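We name chains A, B, ... by the order of the sequence lines, and we start the count at 1 in each one. Here the structure is a predicted model, which means the values were calculated and not measured.
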There are 2 protein chains.
Amino acid sequence: MQVSLTEVTDADRKNMIKTQIPDVIVGRLPRYLRALKILRENHTTINSKELGELLGFSAAQIRKDLSQFGEFGKQGTGYNIDFLIDRLQNILNINQDWGILLVGVGKIGRAILNYSGFSANRFHVKAAVDSNPDVIGEQFERCIVEDIRDMKKIIEENQIKIAMLAVPAENAQKVAEELVADGIRAILTYAPAILTLPPEIKVEYSDPLISLQHMTYYL
Amino acid sequence: MQVSLTEVTDADRKNMIKTQIPDVIVGRLPRYLRALKILRENHTTINSKELGELLGFSAAQIRKDLSQFGEFGKQGTGYNIDFLIDRLQNILNINQDWGILLVGVGKIGRAILNYSGFSANRFHVKAAVDSNPDVIGEQFERCIVEDIRDMKKIIEENQIKIAMLAVPAENAQKVAEELVADGIRAILTYAPAILTLPPEIKVEYSDPLISLQHMTYYL
DNA sequence: ACGTGTGAATTTCTTCACAGCC
DNA sequence: GGCTGTGAAGAAATTCACACGT
């Protein structure tokens with residue numbers, strides 16, 4: 001009689017954990033990280049109470065969030081900042097470089113190309129594409145704008161998984177579908193549109209208008 | 001013996017309701033609004049199921065959210081789109097014009113001045129200020145950049161309640177505190193910083209890096 | 001028959017409070 | 001003494017499911 005061994009790979013295990021951790025918690029990790037990088041300037045260690053006060057979260061929430069991923073703190077002391085930064089970067093998969101494709105080189109697209117905050121954090125705009133012949137071939141920062149029709153080739157050759165979408169709202173859904181078909185797995189969109197994509201594709205909206213409309217409720 | 005009448009003003013009532021409605025619900029209203037404005041092109045009526053499918057929310061959630069503010073739908077029919085748009089705009093206080101102060105006219109600030117999506121939605125950048133003498137006096141779109149030292153006067157004269165903050169991260173907290181002291185009640189910040197302000201001040205962060213770091217967790 | 005509005009049930013998220021370790 | 005990690009408690013958000021109006 002044969003014992004049934006269930007083979008569990010590292011990737012499986014990682015995925016199991018991922019689906020177990022609530023997205024609200026994951027969404028707070030980048031904020032913790034940002035705070036820690038600021039604190040690093042003056043401190044080597046931080047406790048959950050102080051970190052919470054800086055960020056506007058409760059100490060208990062911070063401890064519980066972090067405890068989902070391991071025991072990163074020391075009783076009586078708190079958390080070593082450098083260590084915690086490294087752990088968070090590992091959890092978030094940002095201890096590695098990520099290539100980004102920019103789609104749409106209008107005003108917003110150019111502002112993105114100008115912004116240096118990405119590459120300082122290991123996100124690199126590898127290529128930019130547009131459909132406008134007047135823009136194709138032009139150079140912004142280190143990117144020469146390529147033809148959107150070559151998108152698939154560019155994504156495959158550079159193994160790009162993340163796209164920033166800065167096209168007019170009316171084209172956003174169509175272009176997003178193409179991106180997904182070409183292998184993109186995550187989209188940060190600046191288009192004021194609603195994207196309907198398979199659930200395994202991660203989408204984040206950067207939408208100042210929605211933020212403003214949220215705030216005016218309270219004014 | 002005198003009957004104790006508790007005087008409740010309209011403003012009081014509005015505030016009571018505001019604190020009762022959870023912020024997560026308020027945060028979804030602008031998204032409903034955006035969807036409805038798109039649907040308006042082809043439909044006059046919509047039901048919670050279809051609206052939910054478009055937005056990726058459950059039908060029950062949409063019905064429950066909307067029911068917090070009134071009975072906007074009709075059994076058997078759904079919601080009249082134009083009517084619901086008007087109601088949501090009223091709830092969100094965006095059936096009126098809002099003046100905005102832009103603080104910081106660097107790359108991001110200029111992109112904001114260029115963006116026409118705000119004024120199309122009754123948000124108007126009334127003034128832009130900076131501390132850099134090279135930039136003060138220059139004109140971008142309809143705004144002549146003014147001296148940041150005149151900020152208080154500008155806010156008061158134009159009765160501005162909302163600011164967009166696009167200054168370097170290291171100045172963000174200090175400038176934000178000045179804004180609050182000068183009468184600003186809501187801040188949409190593009191600076192990769194953590195703002196610590198009184199709880200009655202509404203702050204929204206527009207931070208692509210945090211969005212990217214959130215997504216890479218799943219990649 | 002269709003679809004809203006809504007109490008009730010369920011699930012998820014947050015806080016509490018304390019044992020245990022530094 | 002100080003502070004983490006964590007079960008348990010509590011609060012909040014979401015979904016269910018159906019009465020009722022059109």
key: Within residues 75-85 of chain B, residues whose heavy atoms come under 4.0 Å of DNA chain D   = Q75(B), G76(B)
inquiry  = Between C1' on dT14(D) and CG on D23(B), what's the gap in Å once rounded to a whole number?
reply    = 17 Å
message = Please report the distance, rounded to the nearest Å, between NZ in K64(B) and P in dC18(D).
response = 15 Å
Review item, side-chain donor-acceptor pairs of residues 73-83 of chain B, under 3.5 Å, at least two apart:
{"unit_1": "N80(B)", "atom_1": "OD1", "unit_2": "D82(B)", "atom_2": "N", "d": "3.1"}
{"unit_1": "N80(B)", "atom_1": "OD1", "unit_2": "F83(B)", "atom_2": "N", "d": "2.8"}

key: Any T216(A) side-chain heavy atom under 4.5 Å of I162(B) side chain   = yes
message = I need the CZ-P distance between R87(A) and dG5(D), as an integer number of Å.
response = 13 Å
key: Nucleotide dA11(D), atom C1' - distance to CD of Q61(A) in whole Å   = 13 Å
query = Residues two or more places apart in sequence or in another chain: which of them pass side chain to side chain donor-acceptor pair (under 3.5 Å) with K107(A)?
reply = none
key: Qualifying salt bridge (charged side-chain N to carboxylate O under 4.0 Å, His left out) pairs, either residue in residues 159-179 of chain B, two or more places apart   = none
ask   = Which residues pass the salt bridge (charged side-chain N to carboxylate O under 4.0 Å, His left out) test with R28(B), sequence neighbours left out?
value = D65(B)
Distance-only criterion, 3.5 Å: show the donor-acceptor pairs between side-chain atoms of residues 187-198 of chain B and protein atoms not counting sequence neighbours.
{"unit_1": "T189(B)", "atom_1": "OG1", "unit_2": "A191(B)", "atom_2": "N", "d": "3.1"}

ask   = Phosphate oxygens OP1/OP2 of dA17(D): is one of them under 4.0 Å from a side-chain N or O of R63(B)?
value = no
remark   = Whole-Å distance, I25(B) CD1 to dA13(D) C1', equals 8 Å
inquiry  = For H43(A), give me all partners under side chain to side chain donor-acceptor pair (under 3.5 Å), at least two apart in sequence or on another chain.
reply    = none
Side chain to side chain donor-acceptor pair (under 3.5 Å) partners of R63(A), counting only residues at least two apart = S48(A)
inquiry  = For the CZ atom of R40(B) and the CD1 atom of I46(B), what is their distance to the nearest 0.5 Å?
reply    = 13.5 Å
inquiry  = Under the rule for side chain to side chain donor-acceptor pair (under 3.5 Å), what residues qualify as partners of D182(B), not counting sequence neighbours?
reply    = none
Let me check something: any side-chain donor-acceptor pairs from residues 99-106 of chain A under 3.5 Å, sequence neighbours excluded? List them with distances.
none

inquiry  = Could you tell me how far apart L51(A) (CG) and dC3(D) (C1') are, to the nearest whole angstrom?
reply    = 14 Å
query = In whole angstrom, what separates L66(A)'s CG from dT6(D)'s P?
reply = 11 Å
key: Opening and closing nucleotides of DNA chain C in contact with chain A, under 4.0 Å to non-hydrogen atoms   = dC13(C) to dC22(C)
note = In numerical order, the residues of residues 37-48 of chain B whose heavy atoms come under 4.0 Å of DNA chain C are N47(B), S48(B)
message = Any base atoms under 4.0 Å from K49(A), or only sugar-phosphate, or nothing? Heavy atoms, all strands.
response = nothing
remark   = Q68(B) CD to dT14(D) C1', in whole Å, measures 12 Å
